Amino acid sequence: MALNVSTLKAEPNLYTPEMAALTEVVPQTELETLFKFELQSGNPLGHEPGQFVQVSCLGIGEAPISVSSMPCPEPTFDLCVRNVGNVTAALHNMTAGDAVGIRGPFGHGFPIDALKGKDLLFVAGGIGLVPVRSLIQMVLANRDEYAAVTILYGFKTPGEMLFRDEIAQWQEREDVDLRLTVDKPHSDWDGHVGVITTLFPELEIQPDRTKAIVVGPPIMYRFVLQECKLKGIGDDDIILSLERRMRCGVGKCGHCQINNKYVCQDGPVFTYNDIKFMWEAI
Ligand SMILES: Cc1cc2nc3c(=O)[nH]c(=O)nc-3n(C[C@H](O)[C@H](O)[C@H](O)COP(=O)(O)OP(=O)(O)OC[C@H]3O[C@@H](n4cnc5c(N)ncnc54)[C@H](O)[C@@H]3O)c2cc1C
Ligand code: FES
C-alpha cells in the first residue's frame, strides 16, 4: 500500500525540544555515524524527505541535521552525522539509551507530488546522500508511482561510502540504475573512477519527463548543474538542498538568510529556478 506522507505530518515542535532516545549506533565511515532515535512521546516525527531537525545535546548546543530515513508511522527516525565540532562530537560519544532534544521537523522538503510519474535522476556527492536517502527509501517503497530511477553517488575514497548494505540492495534491484564513482583510483576500488560529472555522458535522459535531485558539496553544484543543463533538464526540474549556518531553524534569527530567503524556512530544498539569481546560494 502506498505511504501517504500527509497523514503522518505533525505540527512542528518550534521552540521546545522533545526528548528522543538513541536506540542504535551504526558506524558508517571514519567520520560519519548513523544514529537511530525514538521519540519518547511515542508520536511519529511526521517529517517529509528533505526536512531537518534541530538536535540538542544537553549542555552543549544544537545543530541542524537532515532526517535520513523515510517517513513512517512509528516514533523512530535516522540521523547520519559527520563528526566536525561540538554537538556532532557529543553525539558521537553517546551510546544506546542516551537522550537528545529534537525540535522540528523544519523547512521545505522535496516536492513529492511533482516527482510522481517522472523519471528521477538522483545525484548525490559525499554526505549529500544523507537527506537524499530519505527520499530514495520513499520512492523505492512506492516504486510504481515513479518512472525510471537513476542514482549517481560519488565519494572521494571507497572508505567514505555511506549506507553500504542498503546500497548493495539498491544495486540488486532491476528497477534502479545505480552508478557509483570515486574521485581518484584506489587499490580497494574496481568500479568507475572520476568525479560525479564523468557519469553523465553515458546517461540517456528524457529531459521533458526528468526531475534531477542534486545534493552535495557546494563545488559539485556548479559542475552538475552544467551537466543537467547540457542534458536539457529545465531549471524548474532541478531540485537542490542547501546548507547554511543556522540557529533558530524557524525564520526568526536571520543566520541562514540569503537575499530574501531563509534557508531554514523557504528551503533547505529549492528548485534551481528559485535560487539561480542568488549568487551566494551555491
Ligand atoms: C539544513 C541542514 C541539514 C544538515 N544536515 C546534516 C546531516 O544530515 N548530517 C551532518 O553531519 N551534518 C548536517 N548538517 C551540517 C551540520 O548542521 C553541522 O555540521 C553542525 O551544525 C556542526 O555542529 P557542531 O556543533 O558539531 O560543530 P561546531 O562546533 O559548530 O563546528 C563546526 C565546524 O564549523 C567551524 N565553525 C564553528 N563556528 C563557526 C563560525 N561561526 N564560522 C565559521 N566556522 C565555524 C568549526 O571550526 C568546525 O569546523 C546540516 C546543516 C544544515 C543547515
Ligand atoms: S536559522 Fe534562524 S532564520 Fe533561519
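Just so you know, ligand 1 is whichever comes first in the structure, and atom 1 is the first atom listed for that ligand. By convention here, the first residue in the shown sequence is residue 1. Here the structure is a predicted model, which means the values were calculated and not measured.
Between Glu32 and the choices Arg164, Arg82, Arg133, the salt bridge (Lys or Arg N to Asp or Glu O under 4.0 Å) rule is met once, by Arg82.
Residue Phe52 places no N or O, backbone or side chain, under 3.5 Å from any N or O of ligand 1. Between Met246 and ligand 1, a contact under 3.5 Å exists for no N or O pair.
Gln51 contributes a side-chain N or O that, together with a main-chain N or O of Gly107, makes up a donor-acceptor pair within less than 3.5 Å.
Of all the listed residues (Gly128, Ser66, Pro268, Gly249), Ser66 holds the heavy atom that lies closest to atom 5 (N) of ligand 1. Between Gln54, Arg245, His92, Glu243, it is Arg245 that holds the heavy atom closest to atom 34 (O) of ligand 1.
Between atom 4 (Fe) of ligand 2 and Cys253 there is no N/O/S contact shorter than 2.8 Å. At a cut-off of 2.8 Å, Cys248 does not coordinate atom 4 (Fe) of ligand 2 through any N, O or S atom.
Contact atoms of ligand 2 toward Tyr262: 3 (S) (distance under 4.0 Å to a heavy atom of the residue). Residue-ligand proximity, Thr88 to ligand 1, at heavy-atom distances under 4.0 Å covers atoms 24 (P), 26 (O). If you number the atoms of ligand 1 from 1 as listed, the ones under 4.0 Å from a heavy atom of Val130 come out as 8 (O). Interface atoms of ligand 1 facing Gly85, defined by a heavy-atom separation under 4.0 Å, are 24 (P), 26 (O), 27 (O), 28 (P), 29 (O), 31 (O).
Among all protein heavy atoms, the one lying closest to atom 25 (O) of ligand 1 is Val87 N, 2.9 Å. The shortest contact between atom 49 (O) of ligand 1 and any protein heavy atom is with Val84 O, 3.9 Å. Scanning the protein heavy atoms around atom 21 (O) of ligand 1, the nearest turns out to be Ala63 CB, 3.4 Å. Nearest protein heavy-atom contact of atom 4 (C) of ligand 1 is Pro64 O, 3.4 Å. Arg244 O, 3.0 Å is the protein heavy atom nearest to atom 53 (C) of ligand 1.
When distances from atom 18 (C) of ligand 1 to the protein are checked, no heavy atom turns up under 4.0 Å. The protein does not reach atom 47 (O) of ligand 1 closely, with no heavy atom under 4.0 angstrom from it.
The part of Ile127 lying near ligand 1 is the side chain, judged by heavy-atom distances below 4.0 Å. Both the backbone and the side chain of Arg82 come within contact range of ligand 1, each with a heavy atom under 4.0 Å.
Residues satisfying the side chain to side chain donor-acceptor pair (under 3.5 Å) test with Thr76, not counting sequence neighbours, are none.
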